[in-house]
J.: 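Below: one structure in structure tokens.
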Amino acid sequence: MPELPEVETIRKGLAKVLPGRKINEVEILAPKIIKKPSVPVFRRKLLGSRFTDIRRRGKYLVFDLDPAGCLMVHLKLSGRLIYLPARRVPPEKYLLALSLSNGSRLYYQDIRRFGGFSLFEKDPLPDLKLGPEPLSREFTPEYWRKILAGRKTRVKPFLLDQKFVAGLGNIYVSEALFRARIHPDRPVYSLSAKEQARLYEAIQSVIREALACGGTSIQDYVKADGTNGSFQERLFVYRRKGEPCLVCKRPISVKKDGSRSTYFCSRCQK
DNA sequence: ACCACAACCTGGCCGC
DNA sequence: TGCGGCCAGGTTGTGG
């Protein structure tokens with residue numbers, strides 16, 4: 001489901017409730033979602049550990065646990081993290097539950113079961129081959145210019161590649177390209193300096209606004225308290241095939257990139 | 001370097 | 001009601 005704004009919204013929600021809580025029970029209903037170490041070791045290390053912090057990098061979340069280490073989660077397409085206070089009815093079809101020291105629980109749901117958990121002794125984030133966060137100091141116009149220079153690939157797959165900028169997925173790539181008025185099939189090297197600058201700004205603005213909305217809830221994504229984000233109300237092109245462009249009224253187009261849909265306005269995006 | 005495709009899974013929706 | 005086909009926000013590995 002989730003791209004940077006969704007994962008960050010979940011992180012913020014959990015950062016309010018998890019730090020200081022101790023894990024008293026570990027319930028694993030789908031062993032395959034535990035990637036490493038083995039399920040018994042995973043369970044043993046988590047039991048009795050305490051949450052100290054929750055961090056995000058791109059679409060990855062890391063729960064810092066004392067003394068277990070770093071619990072890394074990727075939600076892939078349909079993973080959900082739901083926190084419920086004590087004595088609340090569990091969510092449907094959860095795959096993992098952590099019972100915490102105040103009676104609350106953290107649940108993991110994942111219809112498609114692509115997501116998973118890994119436990120590390122040391123921080124795994126520095127080893128991930130991810131580009132800069134789009135709202136960080138490292139994401140400078142100079143970096144942007146350098147990374148675009150001479151690149152032959154088309155701009156849509158380029159923006160999806162996490163090693164150039166971390167955190168964009170299918171929704172925000174479509175939306176950023178619309179805002180920048182750039183056609184998704186343009187080769188990266190063909191972008192003018194003005195278009196490069198527009199795209200840079202568009203990436204930052206769409207991520208900033210989606211964060212302010214608590215993310216985009218379309219199918220599976222909900223915040224950690226189970227409520228919806230609201231950026232779906234502000235999408236210009238994503239999932240709007242055939243509906244009028246909000247700028248020029250022409251019906252929104254969709255094209256397939258491999259198996260993935262790209263939405264765009266054929267009049268506004270050149 | 002780049003592209004296309006498959007794999008990992010399940011469920012919802014549409015048309016017949 | 002039922003069934004087949006298609007769709008879905010991500011990542012990784014293959015082969016060309």
J.: With nearest nucleotide decided by heavy atoms, which residue, A:G258 or A:R151, maps closer to the 5′ end of DNA chain B?
T.: A:R151
J.: Nearest to the A:E3 side chain among C:dT11, B:dG11, C:dG9, which nucleotide is it?
T.: C:dG9
J.: For the side chain of A:Q162, counting heavy atoms from C-beta on, which of B:dC3, B:dT10, C:dT11 is nearest?
T.: C:dT11
J.: Of the nucleotides C:dG9, C:dT12, C:dC7, which has the atom closest to the A:Y60 side chain?
T.: C:dT12
J.: Among the nucleotides C:dC7, C:dG9, B:dC2, which one has an atom lying closest to any side-chain atom of A:K256?
T.: C:dC7
J.: Tell me what A:S259 touches on the nucleic acid: a base, only sugar-phosphate, or nothing, going by heavy atoms under 4.0 Å.
T.: sugar-phosphate
J.: Using whole Å, what does the distance between atom P of nucleotide B:dC13 and atom CD1 of A:I218 come to?
T.: 14 Å
J.: Does a side-chain N-to-carboxylate-O contact under 4.0 Å join A:D127 and A:K122?
T.: yes
J.: Report the nucleotide, chosen from B:dC3, B:dC8, C:dA8, that has the shortest atom-to-atom distance to any side-chain atom of A:R112.
T.: C:dA8
J.: Working note: A:K12 + A:E8, criterion side-chain contact (heavy atoms from CB on, under 4.5 Å); need CA distance, chi angles, decisive distance, verdict.
T.: CA-CA 6 Å; A:K12 280 187 197 140; A:E8 176 61 15; 3.6 Å; yes
J.: Roughly, in whole Å, what's the span from CG in A:L128 to P in C:dT12?
T.: 9 Å
J.: Rounded to whole Å, how long is the line connecting atom OH of A:Y263 with atom C1' of C:dG9?
T.: 11 Å
J.: Given B:dT10, C:dA8, C:dG9, which nucleotide is nearest the side-chain atoms of A:Y221?
T.: C:dG9
J.: Which value, rounded to the nearest 0.5 Å, describes the distance between A:D257 atom CG and A:T262 atom OG1?
T.: 4.5 Å
J.: Heavy-atom nearest nucleotide on DNA chain B for A:I111 versus A:K152: which residue maps closer to 5'?
T.: A:K152
J.: Report the distance from atom CG of A:L235 to atom P of C:dA8, rounded to the nearest whole Å.
T.: 14 Å
J.: Whole angstroms only, please: what is the CD-C1' distance between A:Q219 and C:dC6?
T.: 12 Å
J.: Under a 3.5 Å cutoff, is there a donor and acceptor pairing between the side chains of A:R179 and A:S205?
T.: yes
J.: Indicate yes or no: at least one non-hydrogen side-chain atom of A:E3 is less than 4.5 angstrom from one of A:I171.
T.: yes
J.: Tell me yes or no: between the side chains of A:D64 and A:T52, is some donor less than 3.5 Å from an acceptor?
T.: no
J.: Calculate the interatomic distance between A:N170 atom CG and C:dT11 atom C1'; express it in whole Å.
T.: 13 Å
J.: Any idea which of C:dA8, B:dC3, C:dT11 is nearest the A:K59 side chain?
T.: C:dT11
J.: Return one dot-bracket line describing DNA chain B 5' to 3' (Watson-Crick or G-U wobble pairs, both distances under 3.5 Å; ( ) same strand, [ ] crossing, | another strand, . none).
T.: .|||||||.|||||||
